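One structure below.
Keep in mind it's a predicted model, so treat the numbers as computed, not measured.
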Amino acid sequence: MTRPEEIARNLDAVRERLRAAETAAGVVPGSVRLVAVSKTMPATDISAAMAAGQREFGENYAQELRDKRAAFAATATVPSWHFIGPLQSNKVKYVAGRVTLLHTIDTADLLDECARRAAGITEGAELPLQVCLVQVNLVGEQQKRGVAPEALPALLDRFAAHPGLRCAGLMLIPPVTADPEAARPHFAALRRLRDQEARIARGNVDLRELSMGMSHDLEVAVAEGATLVRIGTAIFGERRPA
């Protein structure tokens with residue numbers, strides 16, 4: 001089996017899992033978006049996934065995203081890029097205004113820098129120049145990024161000052177565990193937090209999206225309200241060293 005055939009087969013299997021999860025959750029088929037996590041994978045793997053019908057790809061590293069955007073800039077079909085990794089302020093220039101969705105806003109300083117950088121990108125775009133999610137750290141893990149739930153309202157309020165940004169929802173990385181069910185309380189808590197904050201009218205904030213769920217727990221995430229799932233290993237296999 002060639003590498004493109006392997007990726008196409010894996011994508012079919014993931015799509016089947018996603019369709020079954022949507023049916024079980026009683027949501028409209030196709031309403032949960034599949035983001036293929038292509039971090040550390042070569043451009044040829046992304047091309048193979050695109051040939052199999054995948055369009056949305058998630059990258060964790062700002063400079064890798066920069067290089068892959070350049071590699072596909074002149075192609076007939078350009079990927080829809082998502083940035084899903086931790087973002088340092090000095091790397092915002094590679095991301096803000098250049099991706100379909102930035103999943104990992106978690107501080108006021110990062111939000112402000114994204115707004116500043118996005119405002120400098122024209123490329124014929126209309127406002128909002130950058131759609132974002134806020135990453136939440138629900139369990140206070142020191143090694144994980146994310147705003148604490150009690151600090152979330154203030155961060156959401158801050159979007160009103162930035163007409164070039166829009167917050168479309170929340171994102172979560174749960175504690176690492178081999179048991180998919182162990183993630184369910186965290187997914188449910190993020191959904192409740194999203195629903196709670198969505199009742200409050202804020203400028204440039206419309207909380208519809210929940211980015212949660214990966215290769216081993218996508219079914220649980222969809223059952224708890226995910227609108228975006230980030231799938232890497234089940235499509236591309238184990239990631240390569242960065």
Notebook entry, point to check: Going from CD1 on Ile235 to CG on Leu11, what distance comes out if it is rounded to the nearest 0.5 angstrom?
Noted result: 4.5 Å

Check: What are the two closest non-hydrogen atoms of Leu210 and Gly225, and how far apart are they?
Finding: CD1-O, 3.5 Å

Notebook entry, point to check: Measuring from Ile84:CD1 to Tyr61:OH, what's the distance to the nearest 0.5 Å?
Noted result: 9.5 Å

Checklist line | Side-chain heavy-atom pair Ile173, Arg230 within 4.5 angstrom cut-off | finding: yes

Next item on the list: Over all heavy atoms of both residues, which pair between Gly146 and Asp106 is shortest? Give the atoms and the distance, please.
Entry: N-OD2, 3.2 Å

Check: Are any non-hydrogen side-chain atoms of Asn60 and Val37 less than 4.5 angstrom apart?
Finding: yes

Margin query: Does any part of the side chain of Val35, heavy atoms only, come nearer than 4.5 Å to the side chain of Leu101, both counted from C-beta?
Written below: no

Check: Are the side chain of Gln130 and the backbone N or O of Gly97 linked by a donor-acceptor pair below 3.5 Å?
Finding: yes

Next item on the list: Check for a donor-acceptor pair, side chain of Glu64 on one end and backbone N or O of Glu59 on the other, with a separation under 3.5 Å.
Entry: no

Margin query: Checking Leu133 against Glu209 for the side-chain contact (heavy atoms from CB on, under 4.5 Å) test, could you report, in this order, the C-alpha distance in whole Å, the side-chain angles of both residues, the deciding distance, and whether it holds?
Written below: CA-CA 8 Å; Leu133 306 179; Glu209 306 286 1; 3.9 Å; yes

Item checked: Gln54 versus Ala36, closest heavy-atom pair with distance -> NE2-N, 3.7 Å

Notebook entry, point to check: For the side chain of Glu197 and the backbone of Pro153, is there at least one donor-acceptor N/O pair under 3.5 Å apart?
Noted result: no

Item checked: Arg55 (side chain) donor-acceptor with Met50 (main chain) under 3.5 angstrom -> yes

Note to self: For Leu110, is there any backbone N or O sitting under 3.5 Å from a side-chain donor or acceptor partner on Ser89?
What the structure shows: no

Check: Between atom CE of Met41 and atom NZ of Lys39, what is the distance when rounded to the nearest 0.5 Å?
Finding: 9.0 Å

Next item on the list: Dump the intermediate steps for side-chain contact (heavy atoms from CB on, under 4.5 Å) on Leu156 and Ile200, then the final yes or no.
Entry: CA-CA 10 Å; Leu156 293 174; Ile200 302 170; over 6 Å; no

Notebook entry, point to check: Counting only N and O atoms by type, is there a donor-acceptor contact under 3.5 Å from the side chain of Thr104 to the main-chain atoms of Gln135?
Noted result: no

Checklist line | Closest approach of Leu165 to Asn204 (non-hydrogen atoms, all atoms of both residues) | finding: O-CB, 3.4 Å

Margin query: Taking the basic N atoms (NZ, or NE/NH1/NH2) and the acidic carboxylate oxygens, is any pair closer than 4.0 Å for Arg19 and Glu16?
Written below: yes

Notebook entry, point to check: Is there side-chain contact between Cys167 and Val134, with at least one heavy-atom pair below 4.5 Å?
Noted result: yes

Notebook entry, point to check: Does Asp112 reach the side chain of Arg158, with side-chain heavy atoms less than 4.5 Å apart?
Noted result: yes

Note to self: Checking the side chain of Arg208 only, and the main-chain atoms of Ala198 only, is there a donor and an acceptor separated by less than 3.5 Å?
What the structure shows: no

Checklist line | Side chain to side chain, Met212 and Pro174, heavy atoms closer than 4.5 Å | finding: no

Check: Under 3.5 Å, is there a donor-acceptor pair between the side chain of Arg98 and the main chain of Lys93?
Finding: yes

Next item on the list: Assess whether side-chain contact (heavy atoms from CB on, under 4.5 Å) is satisfied between Val95 and Trp81, documenting all intermediate values.
Entry: CA-CA 10 Å; Val95 175; Trp81 299 109; over 6 Å; no

Checklist line | Any His186 side-chain heavy atom under 4.5 Å of Leu172 side chain | finding: yes

Check: Which heavy atom in Phe83 sits nearest to a heavy atom in Ala62, and how many Å separate them?
Finding: CE1-N, 3.5 Å

Note to self: Once rounded to the nearest 0.5 Å, what's the spacing between atom CG of Asp217 and atom CD1 of Ile231?
What the structure shows: 7.5 Å

Next item on the list: Under the side-chain contact (heavy atoms from CB on, under 4.5 Å) rule, what do Val92 and Leu87 come out as? Steps first, then yes or no, please.
Entry: CA-CA 7 Å; Val92 168; Leu87 185 59; 3.8 Å; yes

Next item on the list: Provide the closest heavy-atom pair for Asp45 versus Phe236 in the form atom of the first, atom of the second, distance.
Entry: O-CE2, 3.8 Å

Note to self: Using 0.5 Å steps for rounding, measure from the CD atom of Glu219 to the CD atom of Glu224.
What the structure shows: 13.0 Å

Margin query: Looking at Asp195 and Arg192, is any side-chain nitrogen of the basic one under 4.0 Å from a carboxylate oxygen of the acidic one?
Written below: no

Checklist line | Distance in Å, His82 NE2 paired with Leu65 CG, rounded so as to fall on 0.5 Å steps | finding: 11.0 Å

Next item on the list: State, yes or no, whether a side-chain contact exists between Val229 and Val14 at a heavy-atom distance under 4.5 Å.
Entry: no

Item checked: Polar side-chain atom of Lys68 near backbone of Ser38 as donor-acceptor pair, under 3.5 Å -> yes

Next item on the list: Please answer whether the main-chain N or O of Val32 pairs with a side-chain N or O of Glu22 as donor and acceptor at a distance below 3.5 Å.
Entry: yes

